[in-house]
Amino acid sequence: MQYMLLIYEPEGVFEGEAGKARLMDVVGKHMALAKEMREAGAMQSGSGLQPVTTATTIITNGGSQTLHDGPFAETREQLGGYYLIDVADLDTALAYARRIPVVDGGKVEVRPLATY
Amino acid sequence: MIGAGEAMAAAQPRVVAALAARFRDLDLAEEAFAEACAAALPVWRAEPPRDATAWLWRAAFRKALDMRRREQTRRSAVLDAPAPEPTPEDELMALDEPIPDERLRLIFVCCHPAIAPESRAALTLKVVCGLSTERLARAFLMAEPAMLQRITRAKRKIRDAGVPFEVPGRAAWPERLSAVLATLEIAYAQAYEDAALAGETAGFADEVLRLSGLLAELTPDEPEVLALAALVRYAEARRPARLDDHGAMVPIGRQDMSQWRRPMIYEGLELLNRAASFGRTGPCQLLAAIHGAHLSRLETGTTPWPAIVDLYDTLVLLRPGPVTAVNRAVAVGEAQGPEAGLAALPPPMDWLPWHAARAHLLEQAGHVPEALEALRAALAMEPPPAERLFLQRAAERLAG
């Protein structure tokens, strides 16, 4: 089954000098985890995302579309990256998801892909 | 031969669990079992089966295979698809294979942490023990449509999110066990409530007895698991004494001890001692200790009510809530007098034991009209037969 692991973290934790050091640490852990998932044949794709300040949202309403500078919702945590994996079941997906490095307050949402 | 309905109810947990484990689909398992039961009725009328469970297992397995194929055909959206090849499973069905016992596995599926906590117990009771949605709604004080929705949502999550149909590895036990324990406890509370086992919980006490023993065997280092197994044994040991000759419930303090099943008590004692040896107390251990205190009447001739109140005082801290509070109030009534018991009762609630406890305490305190009123409120809540008889007698005594 394919699962999307969506990584939500408080915005701004990787800014500044302390943030940069934190980022280096987190990136190293991501690379190790990604390597392990690739070797297990679980990894489909994955990436970090640029900050929400770069986001543009298209809103469709009443048949017309407008562009909005920013994410679809202003929340404390924002989508910062994802993995797409293919594993046997939810427990395996959860085991990988638990090991995703996140800062305190970070959340990882595990969602199975729809099958048609 | 026992009736077809009873034979079906007895077969249900095992057959549904085996089907669900094999097909990894709870709805399919339940539907296939229901279809097998419908098909059984006319056949059994003509010729009663030698082994009803084995008959239902084979019939339900075939129904499940058919349903799975229809589903696959529909999915592949090919018209006039050729009949599927017989699978190895078909071949297997030709054999008289024993029905695999998958109930423990199914319990872990239903108690998966990815399922909302409030849904786990209901789902387990529905799928593993075969309780009706209506009975579950009553047990959990919910409207039936809401209960149905809760169960449907949980099943959908299991199917769509890919919850595995496996007993988890040891590393995952601590997280998974607490959910399983809570579920078994709720299941047992349902069976215990019905002294005569006349309702839909019939057979359920034996289920929990067996499952709790199995769990204790699998996790000998988990004190709360051992304590739950002890608790169920202590309570079941008194089962024969819980009814009088007329089928009315007998309260614990007045039960005929010669009818208590001693081997089961010793089994429970051994389990509870092992649980205590870990030095980590928990709600199941306290509950088992309370049952044990009642059983100590065997040795001393009297029930140690003050000690039981002490145990409840600790239990209230670990597990606050109306169930603990009502039981504690009854114990306080015995230890310190009925007025103290009434004062300890939690605020009014729409729950049979609350009304029954209040009626008892009011009668003891000599408040006859109020006690009668409380008894009528309790009787209006459709108690199981043994409880009903007990309450009716109390009402007659007070009215006469």
Side-chain angles (χ1 to χ4, degrees), chain A residues 1-9 29-30 32-47 72-73 75-77 79-116, chain B residues 20-29 68 70-78 102 104-117 119-120 123-124 127 152-180 218:
Chain A
M1 265 183 93
Q2 286 182 302
Y3 293 88
M4 194 82 166
L5 314 182
L6 300 155
I7 305 159
Y8 294 87
E9 287 183 297
K29 287 177 181 161
H30 270 294
L33 177 63
K35 179 168 180 280
E36 196 186 316
M37 291 197 292
R38 251 192 314 277
E39 281 166 5
M43 180 81 161
Q44 304 259 306
S45 68
S47 183
F72 87 95
T75 50
R76 212 178 80 80
E77 290 88 21
L79 183 64
Y82 72 95
Y83 286 105
L84 178 62
I85 60 172
D86 192 353
V87 292
D89 54 41
L90 181 65
D91 281 359
T92 318
L94 291 174
Y96 282 127
R98 271 178 200 273
R99 296 177 46 212
I100 292 175
V102 288
V103 298
D104 194 48
K107 300 178 171 93
V108 178
E109 183 176 316
V110 179
R111 292 269 292 270
L113 262 63
T115 47
Y116 300 103
Chain B
R22 186 69 72 90
F23 291 92
R24 293 168 187 257
D25 187 330
L26 299 176
D27 276 329
L28 183 81
R68 182 47 62 81
R70 282 202 297 274
E71 198 181 305
Q72 275 162 0
T73 311
R74 201 170 48 238
R75 277 223 188 117
S76 58
V78 177
E102 304 286 11
L104 192 67
R105 188 175 354 180
L106 202 55
I107 286 179
F108 271 101
V109 174
C110 294
C111 300
H112 196 282
I115 310 298
S119 303
R120 292 173 201 156
L123 184 66
T124 307
V127 176
T152 310
R153 194 173 292 161
K155 281 186 187 163
R156 200 173 295 152
K157 171 89 189 258
I158 287 172
R159 190 190 59 210
D160 295 344
V163 170
F165 280 73
E166 306 297 340
V167 172
R170 281 305 291 242
W173 278 85
E175 184 179 31
R176 303 289 299 273
L177 267 180
S178 61
V180 171
L218 288 169

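Only heavy atoms go into these numbers, but all of them, side chains included; no hydrogens, no water, no symmetry mates. Chain letters run A, B, ... following the sequence lines, proteins first, then strands; residues in each count from 1.
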**Message:** Using heavy-atom distances under 4.5 Å, tell me whether B/Arg24 contacts chain A through its side chain, its backbone, both, or neither.
**Reply:** neither
**Prompt:** Quick one: what part of B/Ala161 sits under 4.5 Å from any heavy atom of chain A, side chain, backbone, both or neither?
**Reply:** both
**Asked** So does A/Arg111 have more than 12 non-hydrogen atoms from other groups sitting under 6.0 Å from CZ?
**Response** no
**Message:** Using heavy-atom distances under 4.5 Å, tell me whether A/Leu113 contacts chain B through its side chain, its backbone, both, or neither.
**Reply:** neither
Show me the donor-acceptor pairs, under 3.5 Å and distance only, between side chains in residues 80-90 of chain A and residues at least two apart or in other chains.
from, atom 1, to, atom 2, distance (Å)
A/Tyr83, OH, A/His30, ND1, 2.6
A/Asp86, OD1, A/Met1, N, 3.3
A/Asp89, OD1, A/Asp91, N, 3.1
A/Asp89, OD1, A/Thr92, N, 3.0
A/Asp89, OD1, A/Thr92, OG1, 2.8

